[in-house]
Amino acid sequence: EASLRAGGPLEIRFRVGTSTGAPVGAVVVRCTARVGKSPLRPLVRRWSRGAATCAWRLPRTSKAKRLLASVRVQGRGSTLTRSLSRRVSR
């Protein structure tokens, strides 16, 4: 796992498939992240080839603060979430 650096990028890729291997179809991808109490706006939010991708730029002021990020994929009546909680390096 790479360390998170203040001022640097953060990307989370979340691969989603079905038990039968059939294509997942139309989905909604939601990207949320915050450093400390400050929400971050996603730079990338996309669904491509069975994977959801979200990306953010961490603020330079985020040194030693707690990052909380999640990627949520909704489709076919199901919701899957991948979350991350880490301290940002100095």
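Computed from a predicted structure; not experimentally measured.
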Undergrad: Given the rule in the side chain to side chain contact (heavy atoms under 4.5 Å, CB included) test, do L43 and R41 qualify, once you have shown the distances and angles that lead to the verdict?
TA: CA-CA 6 Å; L43 301 174; R41 182 179 299 172; over 6 Å; no
Undergrad: What distance do C54 atom SG and I12 atom CD1 have between them, rounded to the nearest 0.5 Å?
TA: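 The SG atom of C54 sits 7.0 Å away from the CD1 atom of I12.
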Undergrad: Hey, could you give me the CZ/CZ distance between R13 and R82, rounded to the nearest 0.5 Å?
TA: 10.5 Å
Undergrad: Is it the case that atom CZ in R87 sees more than 12 heavy atoms from other parts of the structure closer than 6.0 Å?
TA: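 It does: R87 CZ has more than 12 such atoms within range.
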Undergrad: Under a 3.5 Å distance rule, please check whether R66 uses its side chain to pair with a backbone N or O of K37 as donor and acceptor.
TA: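 Not a single qualifying donor-acceptor pair exists.
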Undergrad: Contact between V28 and R30 at the side-chain level, heavy atoms closer than 4.5 Å - yes or no?
TA: yes
Undergrad: Quick one: pull up CG in L10 and CH2 in W56 and give me the separation to the nearest 0.5 Å.
TA: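 Answer for the CG-CH2 pair, L10 versus W56, is 5.5 Å.
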Undergrad: I'd like to know if the side chain of S70 pairs up with that of T81 as donor and acceptor (distance under 3.5 Å, no hydrogens or angles considered).
TA: no
Undergrad: Roughly how far apart are S62 OG and R57 CZ, rounded to 0.5 Å?
TA: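 That separation rounds to 11.0 Å.
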Undergrad: Looking at S89 and L4, would you say the former's side chain and the latter's main chain have a donor-acceptor pair under 3.5 Å?
TA: yes
Undergrad: What are the two closest non-hydrogen atoms of K65 and V35, and how far apart are they?
TA: CB-CG1, 3.7 Å
Undergrad: Donor-acceptor pair, R5 side chain versus V88 backbone, under 3.5 Å?
TA: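 A pair under 3.5 Å: no.
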Undergrad: Go through the structure and list residues passing side chain to side chain contact (heavy atoms under 4.5 Å, CB included) with S48, not counting sequence neighbours.
TA: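 Result, side chain to side chain contact (heavy atoms under 4.5 Å, CB included) vs S48: none returned.
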Undergrad: Minimum heavy-atom separation for C31 to R45, with atom names?
TA: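 Closest heavy-atom pair between C31 and R45: SG-CG, 3.3 Å.
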Undergrad: Might you work through the side chain to side chain contact (heavy atoms under 4.5 Å, CB included) test for R72 and T79, ending with a clear yes or no?
TA: CA-CA 7 Å; R72 178 178 292 162; T79 301; 3.5 Å; yes
Undergrad: Does the side chain of L80 reach to within under 4.5 Å of the side chain of V16, using non-hydrogen atoms?
TA: yes
Undergrad: Distance check, rounded to the nearest 0.5 Å: T32 atom OG1 versus L40 atom CG?
TA: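 Interatomic distance, T32 OG1 to L40 CG, rounded to 0.5 Å: 10.0 Å.
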Undergrad: State plainly whether one hydrophobic cluster holds both V73 and L84, where clusters connect Ile, Leu, Val, Met, Phe, Trp and Tyr through side-chain heavy atoms under 4.5 angstrom apart.
TA: yes
